[in-house]
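First the proteins, then the strands, lettered A, B, ... as listed; each starts at 1.
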2 protein chains.
Amino acid sequence: MTDTYPSGAQNDGMRNTIIEAARELFAKFGYKKTTMEDIAQALRKGKSSLYYYFKNKEEIFQAVIEMEEELLFSKLHKVVDSENDAKSKLREYIITRMETIHQLENYLKALKDDMLGGYEFFGRLKTKGEKEEAKLLIQILEEGTADNTFQVKNVPMAAVAFATALKGLEVPLFKSQNNFDDFKVQIENILNILFYGLIKR
Amino acid sequence: MTDTYPSGAQNDGMRNTIIEAARELFAKFGYKKTTMEDIAQALRKGKSSLYYYFKNKEEIFQAVIEMEEELLFSKLHKVVDSENDAKSKLREYIITRMETIHQLENYLKALKDDMLGGYEFFGRLKTKGEKEEAKLLIQILEEGTADNTFQVKNVPMAAVAFATALKGLEVPLFKSQNNFDDFKVQIENILNILFYGLIKR
DNA sequence: ACATGTTTCGACCAAAAAAGTCGACAAAAA
DNA sequence: TTTTTGTCGACTTTTTTGGTCGAAACATGT
């Protein structure tokens with residue numbers, strides 16, 4: 001087979017099993033300190049079995065990060081597709097975003113590592129996520145502008161500005177993984193300031 | 001200097017600093033996955049500086065385990081030296097023992113690793129701990145026998161039997177590090193059974 | 001029963017990582 | 001100024017790890 005790995009229904013099962021096991025180990029020890037032997041032992045298999053399903057270690061890690069990004073956007077889509085008004089949606093979007101990223105230890109570590117060169121696959125993944133996030137933010141801002149909750153002249157540009165600000169909020173998550181409640185209070189404060197500037201008066 | 005390492009007041013400071021930093025890293029990653037570079041970076045020093053204070057990596061780990069054993073027995077001594085009656089002391093001793101061992105992640109890991117060959121220094125440390133524990137249990141049992149709370153014919157032998165039973169209780173700690181509250185309920189149940197057999201009727 | 005496809009893994013190799021050493025240097029103390 | 005203490009970059013040696021390969025076991029099809 002030419003650089004493709006078994007992905008029929010049967011083997012998706014084993015691939016997903018490997019990804020789940022790897023995910024826990026990467027979360028606990030990090031990418032570097034987790035060995036292929038660790039992952040294999042967690043599955044009670046030989047190390048070389050992993051290479052039947054994945055090309056290499058980084059590909060397993062990529063699959064873990066893709067899964068975690070998928071989880072993140074699944075949650076964000078639920079927020080955007082809810083029946084709430086635009087203001088509530090935006091608030092919920094930001095809180096859900098930061099909270100979920102905080103929980104997805106591997107995704108968070110990958111974001112952090114990316115600042116120092118990170119992984120080959122991560123650039124593409126990040127770009128894809130940024131585009132998806134822009135779409136979601138545009139959707140919320142357009143809803144708010146349509147019903148006059150928000151006063152935004154250039155929605156796409158505002159969405160980009162928002163997304164950039166959200167990235168800045170990621171930095172505190174790199175340092176402290178404990179007091180998210182404190183961080184949440186901070187987010188609420190920032191939201192109030194943001195809304196004061198956005199809500200029509 | 002001939003195989004001794006600086007241990008004057010000044011350098012005990014640096015040794016203890018190294019031990020504390022190492023302790024956190026060993027607890028988080030385990031002995032094997034923690035590198036000398038990790039420890040050095042945590043202290044913002046060069047890796048070879050560590051070899052000024054310690055002979056090798058295992059000696060650092062030994063110092064960590066000695067410190068944790070010292071913490072354990074310090075707590076146990078407080079229990080035995082309290083003014084409580086023998087029955088309360090025995091109960092408190094067992095709970096404090098299991099709870100503290102549960103908290104001392106490195107000591108617990110060393111106990112676990114010891115079953116698989118473990119570390120060169122650990123045998124001596126364990127023997128020393130067993131002797132000290134026997135003394136403490138004898139003290140409690142003698143107090144209880146003297147005031148007729150317990151009915152024990154051969155106190156030293158009973159102490160050894162107790163210590164052996166306590167070791168058996170360590171095994172559940174190896175597997176689950178989460179629900180200690182459940183484990184504590186189990187301990188209470190076992191204590192009641194033990195007391196029924198011990199308390200004079 | 002045999003052939004084919006799928007999955008597993010022990011042995012191995014090359015590369016990378018890590019433990020540990022050494023000599024030079026800086027800083028502190030005498 | 002000399003001696004002692006402490007630091008660390010460069011290096012060596014040892015160990016670990018990622019990854020490969022061929023053989024074997026297992027499952028499936030004919």
Residues in ring-ring contact (aromatic ring centres under 6.0 Å, His included) contact with A:Tyr107, at least two apart in sequence or another chain: none
Taking CD from B:Gln41 and C1' from C:dA18, how many angstroms apart are they, rounded to a whole number? 13 Å
Is the terminal nitrogen or CZ of B:Lys33 (NZ for Lys, CZ for Arg) located under 6.0 angstrom from the six-membered ring centre of A:Phe29 and within 45° of that ring's axis? yes
Closest nucleotide of DNA chain C for A:Ser49 versus for B:Lys33: which of these residues is on the 5' side? A:Ser49
Rounding to an integer number of Å, can you tell me how far B:Leu43 CG sits from D:dC8 C1'? 14 Å
For B:Thr100, enumerate each residue passing the side chain to side chain contact (heavy atoms under 4.5 Å, CB included) test, keeping only those at least two apart in sequence or located in another chain. B:Leu72, B:Lys75, B:Thr96, B:Leu104
Hey, is the side chain of A:Tyr52 poking within less than 4.0 Å of OP1 or OP2 on C:dT7, counting only N and O atoms? yes
Produce the list of close N/O pairs, under 3.5 Å, pairing protein atoms with atoms of nucleotides 24-26 of chain C; give distances to one decimal.
none

How many whole angstroms separate atom CD1 of A:Ile60 from atom C1' of D:dT17? 13 Å
Could you tell me how far apart B:Met14 (CE) and D:dT5 (C1') are, to the nearest whole angstrom? 12 Å
Got a list of protein N/O to nucleotides 18-25 of chain D N/O distances below 3.5 Å?
unit_1 : atom_1 : unit_2  : atom_2 : d
D:dG18 : OP1    : A:Lys57 : NZ     : 3.0
D:dG18 : OP2    : A:Met36 : N      : 2.9
D:dG18 : N7     : A:Lys47 : NZ     : 3.1
D:dG19 : OP2    : A:Lys57 : N      : 2.8
D:dG19 : O6     : A:Lys47 : NZ     : 3.0

Quick one: are A:Val155 and A:Phe150 in side-chain contact, heavy atoms under 4.5 Å? no
For the residue pair B:Tyr31 and B:Phe61, does the interplanar ring angle fall in the parallel (under 30°), tilted (30 to 60°) or perpendicular (over 60°) class? tilted
Who are the side chain to side chain contact (heavy atoms under 4.5 Å, CB included) partners of B:Glu130, not counting sequence neighbours? B:Lys126, B:Lys167
May I ask you to check whether B:Glu59 and B:Tyr51 show a side-chain donor-acceptor distance below 3.5 Å? no
Interatomic distance where CZ belongs to B:Phe54 and P belongs to C:dT21 [whole Å]: 15 Å
Quiz: residues 118-125 of chain B side-chain donor-acceptor pairs under 3.5 angstrom, not counting sequence neighbours:
unit_1   : atom_1 : unit_2   : atom_2 : d
B:Tyr119 : OH     : B:Asp113 : OD2    : 2.7

